[in-house]
Amino acid sequence: MRLSHLFTKTSKTVPGDETARNAQLLIQSGFIHKEMAGVYAYLPLGKRVLDNIAQIVREEMNAIGGLEVQMTALQPQELFEKTDRWDDKKVDNWFKTRLKNDSELGLGFTHEEPIVDALKDFVNSYKDLPIFIYQIQSKFRNELRAKSGLLRGREFLMKDMYSLARTQAEHDELYEKAAAAYVRVYERLGLGDSTYRTYADGGVFTEKFSDEYQTISPIGEDTIYVDETKRIAINKEIYTDENLAKLGLKKEELVEKTGVEVGNIFPLETKYTDALDVYYADENGQQQQIIMGCYGIGISRLVGMIAEHFADDKGLVWPANIAPAQVYLARLGDNEAVIKQADELYDRLTGEGVEVLYDDRDVRPGEKFADADLMGIPWRVVVSDKTQASNSLELKARIETEARQVSVEELLSLVKRS
RNA sequence: CGGGGUGUGGCGCAGUUGGCUAGCGCGCCGCGUUUGGGACGCGGAGGUCGAAGGUUCAAGUCCUUUCACCCCGACCA
């Protein structure tokens, strides 16, 4: 992408009505646009980041047999009456609206019911199970208070997966498979070292615990106790002697931290399948209950989380695999030979499948460098009179302070490896 | 929803006890000089001061209502 064609601009100032660092940086760099409190639009660079994160999640869900669907944002009242979740007393953060004929609709805040209802058409036999089904879709929640930029919005993008199993043993197996996939997701996102599987309250459905994935961060809203050797944590909300004993954790080995919940998985048991009358026939033709699990990852929250997690005083710092581009190509000056070389390099890199932000604007070097830093592009390549004279390219990593001289081939191998 | 705060060109802000034509910086447009860490000069464009109502000779400024946004709390991926 040529920056001369990019309609977004960076700003020297941060918006006065945002105090969350992630939103400040993402708005300042032109990645997102604030529509209203807790509702953000993704502009070209932000959209790329969002898609890159979603794609990593998608690949890992597919790898364990997840099948992607897209459910609807509009939801019928009737379905949620069956599971006793329609009443505002039960779920108080729904956006609800009406059809012209006055019947009520909900705007999707979760999708257990619609998923189960859709599967009802197809699941009859033990041969139809198990199933992993997921979607990446906007969720709408009428939170009393939106805050922390992308970390708590009223409209946000979420991956939600559901498992349907025949037996408890089968459920447990699926559950751990998903848990392992989550670990891979956070590793690929660069959050592996700072993210802990964390025991939390299982909710109203079960005596069991649920599992949250908490990334250690000063902006975290949750207090957790971490066993760093076991790489396991427990949420403060269930931090009791009884639970510690149950989980085999020792108080003296736990360290208190604050974390951002970047995902959670929890058992649903048979609550939804029973409520919606979905059963399967076993080998003997006997009707059996279906055990469900639920697996969420806030994709848009991760954009904010990662933005804030890696940022430094110059701006964003994206991990290479989710950055909106691999290379920021800064062309300095208006020397024709320089322009020609930069154009050719842009074509070459793009041809090799490397995403490049080509700064072909007629602005001074300092502005280009500042923008490259602010946008957090992993590699900055300079083409200028100097590099022409030395017959090389200048390469600097976003996280390094020193630049180095490289050839095109060296550049390609470095950039492609990352 | 309780408490606190803020709304003034695209962004960040100033605007005194009500008083003339509402300013400043950034950004934007034009011309020129510049060109390795957000350049400089000259000339421009752009604002019903969140909205509605009221007080007054006169309202960005005072009063009432209302909307939006931010922070703390409660609630939540």
Side-chain angles (χ1 to χ4, degrees), chain A residues 7-20 23-24 27-30 33-39 57 88-89 91-94 108-111 136-161 182 198 200-201 203 210-215 220-222 235 237 259-266 294-305 314-315 330-335 338 359 361-375 380-390 394 396 401 403:
Chain A
F7 63 81
T8 58
K9 287 176 189 152
T10 59
S11 167
K12 285 185 190 172
T13 54
V14 299
D17 67 351
E18 288 281 6
T19 55
Q24 285 183 341
I27 292 172
Q28 191 188 356
S29 57
H33 167 75
K34 183 184 204 157
E35 198 66 38
M36 60 180 106
V39 180
V57 173
D88 287 341
K89 291 189 196 75
V91 179
D92 63 5
N93 62 355
W94 264 34
F109 81 105
T110 189
H111 285 82
I136 295 172
Q137 208 215 23
S138 290
K139 294 277 187 281
F140 303 90
R141 296 190 188 177
N142 200 350
E143 303 290 350
L144 286 173
R145 181 183 160 208
K147 60 173 179 172
S148 308
L150 290 184
L151 302 190
R152 180 162 310 286
R154 297 199 168 95
E155 174 177 340
F156 55 95
L157 191 66
M158 182 170 165
K159 185 281 301 181
D160 49 318
M161 181 164 74
Y182 270 47
T198 304
D201 185 28
S210 70
D211 295 273
E212 295 173 344
Y213 288 81
Q214 295 274 359
T215 302
E221 296 179 329
D222 291 321
N235 196 306
E237 65 190 15
V260 173
E261 189 181 343
V262 291
N264 75 357
I265 66 179
F266 50 98
C294 176
Y295 314 83
I297 293 182
I299 306 290
S300 52
R301 170 179 282 185
L302 278 167
V303 175
M305 173 67 220
K314 290 193 163 107
R331 181 183 84 196
L332 306 190
D334 54 4
N335 180 327
V338 168
D359 197 343
R361 298 174 301 172
D362 181 23
V363 298
R364 295 165 62 87
E367 195 170 338
K368 298 193 176 192
F369 297 153
D371 279 346
D373 288 340
L374 179 59
M375 291 178 184
R380 187 190 77 194
V381 175
V382 173
V383 175
S384 67
D385 288 333
K386 271 193 201 174
T387 62
Q388 287 258 308
S390 66
E394 178 187 300
K396 188 183 96 58
T401 50

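The chains referred to below are lettered A, B, ... by the order of the sequence lines, with proteins before strands, and numbering in each begins at 1. Keep in mind that this is a model prediction, so the values were computed, not measured.
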Practice task
Looking only at side-chain atoms of A/Thr387, point me to the closest of B/G36, B/C75, B/A77.
Solution key: B/G36
Problem - hbond_proxy A/Asp385 side chain to B/G36 base (donor-acceptor, 3.5 Å cutoff) - result: no
Exercise for the section: Would you indicate what A/Gly16 reaches in the nucleic acid, counting non-hydrogen atoms under 4.0 angstrom: base, sugar-phosphate, or nothing? Expected result: sugar-phosphate
Fill in the blank from the handout: Side-chain contact check for A/Lys34: nearest option of B/C69, B/G37, B/C1 is B/C69
Exercise for the section: Could you work out which one of B/G36, B/G38, B/A74 sits closest to the side chain of A/Leu144? Expected result: B/A74
Exercise for the section: Considering just the side-chain nitrogens and oxygens of A/Lys386, establish if one lies under 4.0 Å of OP1 or OP2 belonging to B/U35. Expected result: no
Problem - Donor-acceptor pair under 3.5 Å, A/Asp17 side chain vs B/G7 base - result: no
Practice task
From the options B/A77, B/C11, B/A74, select the nucleotide whose nearest atom is closest to the side chain of A/Ser11.
Solution key: B/C11
Exercise for the section: From the options B/C70, B/G36, B/G12, select the nucleotide whose nearest atom is closest to the side chain of A/Pro15. Expected result: B/G12
Handout entry: OG on A/Ser138 to CD1 on A/Ile299, rounded to 0.5 Å
Key = 11.0 Å
Practice task
Tell whether A/Arg380 reaches the base of B/G37 with its side chain through a donor-acceptor pair below 3.5 angstrom.
Solution key: yes
Handout entry: A/Lys34/A/Glu18 salt bridge by N-O under 4.0 Å criterion
Key = yes
Practice task
For A/Asp92 and for A/Ala20, locate the closest nucleotide of RNA chain B by heavy-atom distance; then report the residue assigned to the nucleotide nearer the 5' terminus.
Solution key: A/Ala20
Practice task
Please tell me which of A/Met36 and A/Gly263 maps to the more 5' nucleotide of RNA chain B, matching each residue to the nucleotide holding its nearest heavy atom.
Solution key: A/Met36
Problem - Contacts of A/Glu261 that satisfy side-chain hydrogen bond (donor to acceptor under 3.5 Å, both in side chains) - sequence neighbours left out - result: A/Asn264
Completion exercise
In this structure, CD1 of A/Ile265 is separated from CG of A/Asp211 (nearest 0.5 Å) by 4.5 Å
Exercise for the section: Pick base, sugar-phosphate or nothing for A/Thr10, based on heavy-atom distances below 4.0 Å to the nucleic acid. Expected result: base
Practice task
Check every strand shown and say whether A/Val262 touches a base, only sugar-phosphate, or nothing at a heavy-atom separation below 4.0 Å.
Solution key: nothing
Exercise for the section: Measure from the side-chain heavy atoms of A/Arg364 and tell me the nearest of B/G38, B/C70, B/A39. Expected result: B/A39
Problem - Watson-Crick or G-U stems involving RNA chain B, each at least 3 pairs long, distances under 3.5 Å, ordered by first number - result: B:1-7 with B:67-73, B:10-13 with B:23-26, B:28-33 with B:39-44, B:50-54 with B:62-66
Produce the list of close N/O pairs, under 3.5 Å, pairing protein atoms with atoms of nucleotides 40-47 of chain B; give distances to one decimal.
none

Indicate every side-chain donor-acceptor pair of residues 142-149 of chain A with a distance under 3.5 Å to a residue at least two apart or in another chain.
from, atom 1, to, atom 2, distance (Å)
A/Lys147, NZ, A/Glu221, OE2, 3.4

Polar atom pairs between nucleotides 23-31 of chain B and protein, under 3.5 Å, N or O only, would you list them?
from, atom 1, to, atom 2, distance (Å)
B/C26, O3', A/Lys12, NZ, 3.4

Completion exercise
Interatomic distance, CG@A/Leu302 vs NZ@A/Lys159, rounded to 0.5 Å, equals 11.0 Å
Completion exercise
Sorted by chain and residue number, the side-chain hydrogen bond (donor to acceptor under 3.5 Å, both in side chains) partners of A/Asp334 (sequence neighbours excluded) come out as none
Practice task
Taking all non-hydrogen atoms of both residues into account, name the closest pair between A/Gly259 and A/Gln214 and its distance.
Solution key: C-OE1, 3.1 Å
Handout entry: Of the listed nucleotides B/G38, B/A77, B/C70, the one nearest the side chain of A/Asp371
Key = B/G38
Handout entry: Per-pair stack call A/Phe156 and B/A77, 5.5 Å, 30°
Key = yes
